[in-house]
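All ligand and atom numbering here is 1-based and tracks the order in the structure. Remember, predicted model here, so these are calculated numbers, not experimental data.
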Amino acid sequence: MGANTDEKRNLIIVSNRLPLSVKQVDGAYQSSLSSGGLVTSLSGLTKSTKFQWFGWPGIEVRDPKDQEDVQKSLEAHNAIPIFLDSSLAHEHYNGFSSVVFDETPWQAYRRVNELFADAIAETAAGGSLIWVHDYHLMLLPELLRDRLKQQGKSCAIGFSLHTPFPAGDFWRNLPVRKHLIEGMLSSDLIGFHTDEYKQNFIDTCASLLNARTEIPNQIQYKNRLVCINKFIVGIDPEKFTDSLQKPDVQERIRNLKEHYKGVKVIVGVDRLDHIKGLTQKLKGFDAFLDDHPELQNKVVLIQVAVPSREDVKEYQDLETELCTIAGKINGKHATPEGTPLLYMHRSVPFNELTALYSVADVCLLTSTRDGMNLVAFEYVACQEERHGVLVLSEFAGAASFMRNGSIPFHPANKTEMSEAIFNALNLDPAERKAKYEYLRGFVNANTRFERLSWLIIVSC
Ligand SMILES: O=P(O)(O)OC[C@H]1O[C@H](O[C@H]2O[C@H](CO)[C@@H](O)[C@H](O)[C@H]2O)[C@H](O)[C@@H](O)[C@@H]1O
Ligand SMILES: O=c1ccn([C@@H]2O[C@H](COP(=O)(O)OP(=O)(O)O)[C@@H](O)[C@H]2O)c(=O)[nH]1
């Protein structure tokens, strides 16, 4: 969607979390870019499109004067905060959205969706395009449509799901499944990352709601026609190639290359989340080291585990487990010359990330479930010179598109993972180049997620 279209209609983006997270430092409010693929996928839009972004600022702000300060600090970025008190935010985000079904978090989930609907309906001008993101806000399209109608406004609503849409059996176990799916069906257009997720949604609507699904890419439910499609979420590759041109990044790359002379570097960058298969990754790497004693001191895995949901016990437990496994691997395979695993539990600045991607011979991604996985795209964007190899779990959404250019494997199969790593490190240059060119073609062809908002316009 170009600037011309924007002049015609307002675009409003809504996600649980704003792209900027607010923190209070020494009494003053400061904002910094939030982590994660959703922000990355939409950042390409900022180049060509003006929009307002509604979401939770990541902090509880009770005092109205403070709320005003936060509002003002975000205004410059067209970000509009929706304030939630801590317990509500916790129950909605950490409770309902991530663990097991329970009544209290469900009520919080509904309440947060209502608060979002109130704030957006009040602000949105009639004729705006409202683009809602992700599983935290599945009820929002319906709540929003009701409120807008009461106010005599008509807006087109799009919904993008960034996670997989599971197949039928999963929904059977969720008592509130009907509310969630009906909520989504109040959109004009619903986007999924892959054909599989899209088909799962269509099948679920047919079996659970008896919706009519005979017409391709459309669902008819309660006298409304909803468009359903797959939209490939991508990155802005230039942002990565530009970073690699910066003198300080070039220097960092030189230093890292010098440091790892004679050593093959494998990189992994994941949020510390169960879906990223980090336990499986460390165990698979351990198996690889066991299988290849001849590669002692010749291979290193640099694993960045970006902190996520640190106040949830299951995530704390996972962190403890990973530390233990990492310690055991290095205990077993380290030599006086070095350790084969560098496990970093923190986020890394963007320039450091691109330097790491650039020096790595292999990128190892082991998701057990993952909507897309934009790290796979980012690694490719930083590998113009080296033609590094992507070892990609078949359970990442990205594998639907990148299978031919990568080495696929099943993340729970240690032997398969070990072989995949070995094959990646030993791929002959011609095959490496061919695989890389396939991936580069794909990453460069799918740079703009904005096509979805364009489709909202033409389809409504
Ligand atoms: O930590 P949450 O806010 O609960 O959400 C987890 C992450 O969800 C989103 O990631 C997903 O979207 C990516 C882009 O479409 C996709 O590549 C990835 O597979 C999904 O997990 C969101 O982008 C992140 O900010 C969240 O951290
Ligand atoms: O310290 C870091 C390391 C990575 N990322 C970014 O987090 C995103 C992860 O997106 P992905 O789709 O792979 O997974 P998600 O975390 O959204 O599930 C990528 O854009 C990374 O560049 C980040 O924000 N901070």
Please report which non-hydrogen protein atom sits nearest to atom 7 (O) of ligand 2, along with the residue it belongs to and the distance in Å to one decimal place.
-> G36 N, 3.4 Å

Could you establish whether L374 and ligand 1 come within less than 4.0 Å of each other, counting only heavy atoms on the residue side?
-> yes

Per-atom filter on ligand 2: closer than 4.0 angstrom to a heavy atom of V375 are 13 (O)

Salt-bridge present (E258, R254; N to O < 4.0 Å) | no

Centres of the Y135 and H162 rings: under 6.0 Å?
-> no

Return the residue, atom name and 0.1 Å-rounded distance of the protein heavy atom closest to atom 14 (O) of ligand 2.
-> K276 NZ, 2.9 Å

Tell me which part of H162 gets within contact of ligand 2: side chain, backbone, both or neither, using heavy atoms under 4.0 Å.
-> neither

Quick one: do D188 and R145 make a salt bridge, cutoff under 4.0 Å?
-> yes

Considering only heavy atoms of R271, which atoms of ligand 2 have at least one such atom less than 4.0 Å away?
-> 15 (P), 16 (O), 18 (O)

Numbering as shown, the atoms of ligand 1 that approach R309 to under 4.0 Å (heavy-atom distance) = 1 (O), 2 (P), 4 (O)

Going by the atom numbers of ligand 1, which of them fall below 4.0 Å from some non-hydrogen atom of G371?
-> 19 (O)

Where on Y315 is there a heavy atom closer than 4.0 Å to ligand 1, on the side chain, on the backbone, on both, or on neither?
-> neither

Nearest protein heavy-atom contact for atom 9 (C) of ligand 2: which residue, which atom, what distance?
-> G37 N, 3.6 Å

Check if V304 has a non-hydrogen atom at a distance under 4.0 Å from any atom of ligand 2.
-> no

Under a 4.0 Å heavy-atom limit, does E378 contact ligand 2 with its side chain, its backbone, both, or neither?
-> side chain

Find the distance between CG (L244) and OG (S358) and round it off to the nearest 0.5 Å.
-> 5.0 Å

Min heavy-atom dist N373 to ligand 1 below 4.0 Å = yes

What atoms of ligand 1 come within less than 4.0 Å of a heavy atom belonging to Y135?
-> 2 (P), 4 (O), 5 (O)

Under 30°, 30 to 60°, or over 60°: which ring-plane class applies to H133 and W131, parallel, tilted or perpendicular?
-> tilted

The reported gap from CZ in R177 to CH2 in W171 (rounded to nearest 0.5 angstrom) is 10.0 Å

Check each heavy atom of L353 against ligand 2 and say whether those closer than 4.0 Å belong to the side chain, the backbone, both or neither.
-> side chain

Look only at the side chain of Y357 and the backbone of V380, and say whether a donor-acceptor pair between them is shorter than 3.5 Å.
-> no

If we number the atoms of ligand 2 from 1 as shown, the ones under 4.0 Å from a heavy atom of S347 are 1 (O), 2 (C)

Please indicate whether any nitrogen or oxygen in I275 is less than 3.5 Å from any nitrogen or oxygen in ligand 1.
-> no

Whether F201 and F165 hold their rings parallel, tilted or perpendicular, with breakpoints at 30° and 60° = perpendicular

D134 and ligand 1 - part of the residue with a heavy-atom distance under 4.0 Å = side chain

How far is atom 1 (O) of ligand 2 from its nearest protein heavy atom, and which residue and atom name does that atom have?
-> V348 N, 2.8 Å

Protein contact to atom 23 (C) of ligand 2 [nearest heavy atom, distance to 0.1 Å] | S35 CB, 4.0 Å

Looking at atom 4 (C) of ligand 2, what's its closest protein heavy atom, distance included?
-> V269 CG1, 3.7 Å

Among all protein heavy atoms, pick the one closest to atom 11 (P) of ligand 2 and tell me residue, atom and distance.
-> L374 N, 3.4 Å

Residue V306 vicinity, atoms of ligand 2 by number, heavy atom under 4.0 Å = 1 (O), 2 (C), 3 (C)

Return a yes/no value: protein heavy atom under 4.0 Å from atom 18 (O) of ligand 2?
-> yes

Between W106 and H179, how do the two ring planes meet: parallel, tilted or perpendicular, split at 30° and 60°?
-> tilted

By number and element, which atoms of ligand 1 are closer than 4.0 Å to a non-hydrogen atom of Y93?
-> 1 (O), 2 (P), 3 (O), 4 (O)

Do any N/O atoms on L38 end up under 3.5 angstrom from N/O atoms on ligand 1?
-> yes

Indicate yes or no for a side-chain donor-acceptor contact from E310 to the backbone of Q316 under 3.5 Å, with no hydrogens or angles considered.
-> no

Euclidean distance, L189 CG relative to I228 CD1, rounded to 0.5 Å | 7.5 Å

So, do Y315 and H274 have ring centers that fall under 6.0 Å from each other?
-> yes

At their closest point, which heavy atom of E60 faces which heavy atom of S86, and how far apart are they?
-> OE2-N, 2.8 Å

Evaluate the ring planes of F395 and H410, with Trp represented by its six-membered ring, and classify them as parallel (under 30°), tilted (30 to 60°) or perpendicular (over 60°).
-> perpendicular

Checking heavy-atom distances from atom 7 (C) of ligand 1 to each of H193, H136, R271, H162, the winner is R271

Give the intermediate values and the outcome of ring pair (Phe, Tyr, Trp, His ring centres under 6.0 Å) for residues Y109 and H136.
-> CA-CA 8 Å; Y109 183 88; H136 322 78; 8.3 Å; no

